[in-house]
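In this text, all values refer to a predicted model and were calculated from it rather than measured experimentally.
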Amino acid sequence: MHDAHAFLQALATVLCVAAVTTVLFQRLRQPVVLGYILAGFIIGPHVPIPLVADAGIVQTLSELGVILLMFSLGLEFSLRRLFQVGPTAGLTAVIQCSVMVWLGFVVGRAFGWTMLESLFTGCCIAISSTTIIAKAFDEQNIRGALRGIVVGILIVEDLIGILLMAMLTAVSTGSGLSAWDLALTVGKLAAFLVGLVAVGLLVVPRLMRAITKLQRPETTLVTSVGICFAVALLAQAFGYSVALGAFLAGSLVAESGEGKEIEHLVQPVRDLFGAVFFVSVGMLIDPALIREHWAAIAVLTGVVILGKILSVSLGAFFTGNGTRTSVQAGLSLSQIGEFSFIIAGLGLSLKATGLFLYPVAVAVSAITTLTTPWLIRASGPIANWVDRKLPAPLQTFASLYGSWVENLRTSPRQKTVGARVRRMALLMLLDAAFITIIVIGTSVLLPRITVFIDERMGWGATLTPWVVIGLATALALPFCVGIVRMGRRLGVVLAEGALPAAANGKVDLAAAPRRVLVVALQLASVFMVGVPVLAITQPFLPGVPGAVLLLVSLGVMGFAFWKSATNLQGHMRAGAQVIVEALAAQSHAKGEEDEPAPDVLHGVRQMLPGIGEPESVALGESSAAVGRTLAELNLRGMTGATVLAIRRGDAGVLVPTAQEVLRAGDILALAGTHEAIDAAKGVLG
C-alpha cells in the first residue's frame with residue numbers, strides 16, 4: 001500500500017507542477033516543453049523547494065512517454081515512406097555521427113580526459129533526441145518534407161547508437177572489437193529488423209483493420225497500445241532500444257491504413273506520459289555539478305549545436321535537399337537526449353569513465369533541449385538569411401543542384417548508373433577500410449615493430465618509430481589517392497546520368513553545369529568517406545594529422561569547385577539572355593494580351609540543358625507579388641526556385657537583383673525542381 005501511495009504522490013506532484021508551469025509558458029508564448037523541464041527542475045532533489053517527487057517512479061513513468069511518443073511518430077511514417085528517405089537520411093546520419101564523435105573525442109582530450117572517456121564523450125554527443133524533436137515538431141505543427149527527412153535521420157541515428165554501444169562495450173572490457181564481431185553485431189541487428197518487419201506486415205495491418213471494423217474506439221486504443229508495448233518489449237529482449245521497437249510498431253500499424261484514427265485516439269495518453277518524460281529530464285539538472293564542470297558543459301553545448309547544424313546541413317544538401325530544408329534539418333537536430341544518458345550510464349557501469357561524464361551529458365542535454373524549440377522556430381528565418389548571404393555563384397549552384405539530382409533520379413539510365421555507382425562506392429569503402437587498418441595496425445603494433453626492426457638494424461629507439469610511421473604513411477598514400485580518384489570517377493558517372501553529353505558531334509551545352517556537378521559530387525563523396533575514417537582513426541593518431549590531411553584535400557577540391565561555380569554563373573547569364581529572347585519572340589508572335597504558352601521555354605530546355613528545367617509564369621493584376629521586390633518575396637529562400645529572367649514589355653532583365661520590383665504583366669522564367677517551381681507558382685499566384 002505504501003508503494004501505491006508513493007506512486008500516486010509522485011504522479012500527482014509531477015502533473016500538478018507541470019500544469020502550472022505549462023500554463024505560464026503558454027501565456028508567455030513559449031514552448032510547452034520548456035515548462036515541463038522547469039517543472040522537473042522544481043520538483044527535483046537539487047533545489048530547496050519543498051516539492052519533491054520520487055525520481056525512480058518518475059523515471060519509470062517517463063519510459064512510457066518515450067514509447068508512446070515514438071509510437072505516434074511511427075504512425076505518421078509508414079514503412080514505405082521510411083524506405084524512400086532511408087538512403088539519403090542514412091548518409092546524412094553517418095556524416096553527422098562521424099563528425100560529432102570526432103569533435104567529442106578532440107574536446108575530451110583537450111580537457112585532459114582519458115582516451116576511453118573522450119571516446120564515450122564523442123558517442124554521447126553523436127545521437128540526437130528523437131523524443132524531444134517529436135514533441136517540438138508536434139507543438140509547432142511541422143509537417144512535410146522536413147519532418148520526413150529529420151525522422152529518417154533520427155531512426156538511422158538510433159541504429160548507429162546501438163552499434164556504438166556494442167563497440168564501446170567491447171573496447172571497454174578489453175576484448176576489442178574484431179571485424180567478425182562488428183559484422184556479427186550488424187548482422188544480428190539486420191536480422192532482427194527484417195524478421196520483425198516481415199512477420200509484422202503479415203499480422204499487424206490485418207489485425208488492426210479487423211479491430212477498427214468493430215467501431216469501438218476503446219478496443220482500438222487498447223489493441224494498438226498493446227501492440228506498441230509488446231513490440232517495444234520484444235526489442236528490449238533482443239538488446240535494442242524500446243524507442244526503436246515502438247517506432248516500428250507504429251509504422252506497422254500505419255500500414256493498416258487506419259493510422260490517422262489511431263493517432264487521434266492515442267494522442268491524449270501520449271501527451272500525458274510525454275509530459276512526464278520531459279519532467280524527468282528537468283529533475284536530472286544539478287546546479288552544483290553544472291557549476292563544477294561549467295567549462296566542459298559550455299564547450300560541449302557549443303560543439304553539439306554548431307557541429308550538428310553544419311554536419312546535418314551539409315549532409316542533407318549533398319543528398320539532394322534544398323538549402324532551406326537542409327538548414328532547417330540541421331537546426332532541428334542540434335540537441336542530444338535519451339541515448340546520451342544510456343551511453344554515459346554504460347561508461348559508468350563498465351568503469352570506463354569517471355563520475356563526471358553522466359552529469360555533464362545530462363546538463364548538455366538539458367541546455368540543448370531548452371534551445372531546440374527556439375532553433376526550430378527560427379529555422380525558417382535563419383535558412384532565408386543563409387540563402388541571402390551566400391555568394392552569387394553558390395546561390396546559383398544551390399538553386400540548380402536539386403534539379404540535377406531530380407534528373408538523376410528520374411533518368412532512364414538510372415539502373416545502369418546505379419550499378420556503376422554501387423561498384424565505385426564499394427571500391428571507395430575498400431580503400432577507406434585499408435587506410436583504417438593501416439592506421440590502427442601501425443598504432444597498436446608500433447612498439448613491437450620498433451623493437452623487431454631495432455634489434456636487426458640497430459637504428460636506435462628514436463629513429464626506428466619514425467621509419468615505421470613513414471613506411472605506414474607511404475603504404476596508406478595510394479589508398480588516399482584512390483579515394484580522391486574514385487570520387488572523381490563517381491562524380492563523372494553521376495553527372496553524366498543527370499546531364500547526358502550531346503551526341504553525334506553536337507556542341508555540348510551542358511558542359512559547364514556538368515563540370516561543376518562533377519567537382520561537387522567528388523567533394524561530397526570524399527567528405528562522406530573521409531569523415532567516418534577520421535572519426536574511427538582519431539583515437540589512434542597523435543594530434544590531428546588526419547584532420548589536416550582531410551581538410552587540405554577538401555580545400556583543394558573546394559577551390560576547383562569555386563572556379564567551376566563561377567563559370568556556371570556566366571553560363572546562367574547566357575541562358576537568361578536566351579530565355580528573354582525566347583519570351584520576347586513568343587510575345588511578338590502571340591500579342592501582348594495573350595498568356596504565354598505552357599511550353600514557351602521547351603526549346604530553351606532542349607538547347608540549354610542543366611539550367612533547371614525553366615518554366616514561365618505570368619503575373620496578373622491580382623497577383624500578391626505585384627509591387628513587391630524579389631527580396632521581400634524571398635522566393636528562392638521560401639521555395640528553392642530561382643528567377644532566371646523577367647520579360648517586361650520590350651525590355652528584359654537578366655538574372656534580376658533582389659531589389660527588382662515586380663509588376664503586373666511581368667513574365668518570370670523560374671528554374672528549380674518541379675516541387676520548387678510548383679511552390680513558387682503558389683507564392684506568385
Side-chain angles (χ1 to χ4, degrees), residues 84-85 88-89 91-92 95-96 128 133 136-137 140-154 305-306 308-334 372-406 409 520 524 565 572 612-615 617 624-625 628-644 655-656 658 668 670-685:
Q84 288 175 351
V85 302
T88 55
L91 287 174
T92 305
I95 291 172
Q96 188 270 142
S128 299
I133 294 173
F137 273 17
Q140 300 185 32
N141 197 28
I142 304 294
R143 295 289 185 270
L146 175 61
R147 190 178 183 105
I149 292 166
V150 169
V151 170
I153 294 171
L154 288 168
I305 294 175
L306 296 178
K308 284 180 177 285
I309 290 174
L310 292 175
S311 58
V312 172
S313 299
L314 285 174
F317 179 78
F318 282 145
T319 52
N321 298 290
T323 304
R324 179 182 178 83
T325 303
S326 301
V327 173
Q328 287 181 302
L331 289 162
S332 301
L333 288 162
S334 56
T372 293
W374 280 309
L375 289 175
I376 294 175
R377 183 178 297 172
S379 62
I382 292 174
N384 295 338
W385 180 85
V386 170
D387 181 78
R388 289 196 304 270
K389 295 301 180 181
L390 285 175
L394 294 185
Q395 287 180 345
T396 301
F397 169 77
S399 63
L400 296 180
Y401 180 74
S403 66
W404 298 337
V405 174
E406 186 178 66
R409 289 172 177 166
M572 287 293 293
E613 299 289 329
E615 291 190 25
V617 178
R628 303 175 66 184
T629 66
L630 290 175
E632 291 171 342
L633 280 177
N634 190 29
L635 197 65
R636 187 180 60 240
M638 293 295 294
T639 68
T642 298
V643 180
L644 293 177
V655 191
L668 279 61
L670 302 176
T673 63
H674 290 94
E675 182 181 355
I677 291 176
D678 289 341
K681 288 179 179 178
V683 173
L684 294 171

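For T396, the side-chain hydrogen bond (donor to acceptor under 3.5 Å, both in side chains) test picks out Q569, with sequence neighbours left out. S379 is linked by a side chain to side chain contact (heavy atoms under 4.5 Å, CB included) to Q328, L331, counting only residues two or more places apart in sequence or in another chain. Every residue meeting the side chain to side chain contact (heavy atoms under 4.5 Å, CB included) condition with P391, not counting sequence neighbours, appears here in chain and number order: P393, L394, W562. Residues meeting the side-chain hydrogen bond (donor to acceptor under 3.5 Å, both in side chains) test with D387, sequence neighbours left out: R636. Not counting sequence neighbours, S334 has no partner by the side-chain hydrogen bond (donor to acceptor under 3.5 Å, both in side chains) test.
Side-chain contact between T92 and I149 is absent, with no heavy atoms from C-beta onward closer than 4.5 Å. Looking at I95 and L314, their side chains never come closer than 4.5 Å, going by heavy atoms from C-beta outward. Side chains of F137 and V151 form no contact here, defined as non-hydrogen atoms less than 4.5 Å apart.
Closest of all the heavy-atom pairs between N384 and R324 is OD1-NH1, 2.6 Å. Residue V312 comes nearest to Q96 through the heavy atom pair CG2-CG, 3.3 Å, listed as atom of the first residue, atom of the second, then distance. When every heavy atom of S313 is checked against every heavy atom of G330, the shortest pair comes out as OG-CA, 3.8 Å. What you find for S128 and L154 is that their closest heavy atoms are CB-CD2, 3.8 Å.
For the atom pair CD1 (I376) and CG (L333), the distance works out to 8.5 Å, reported to the nearest 0.5 Å. Interatomic distance, CG of L146 versus OG of S326, reported as 10.0 Å (0.5 Å rounding).
Between Y401 and W404, the ring planes are perpendicular. Angles over 60° get that label, and only those under 30° would be called parallel.
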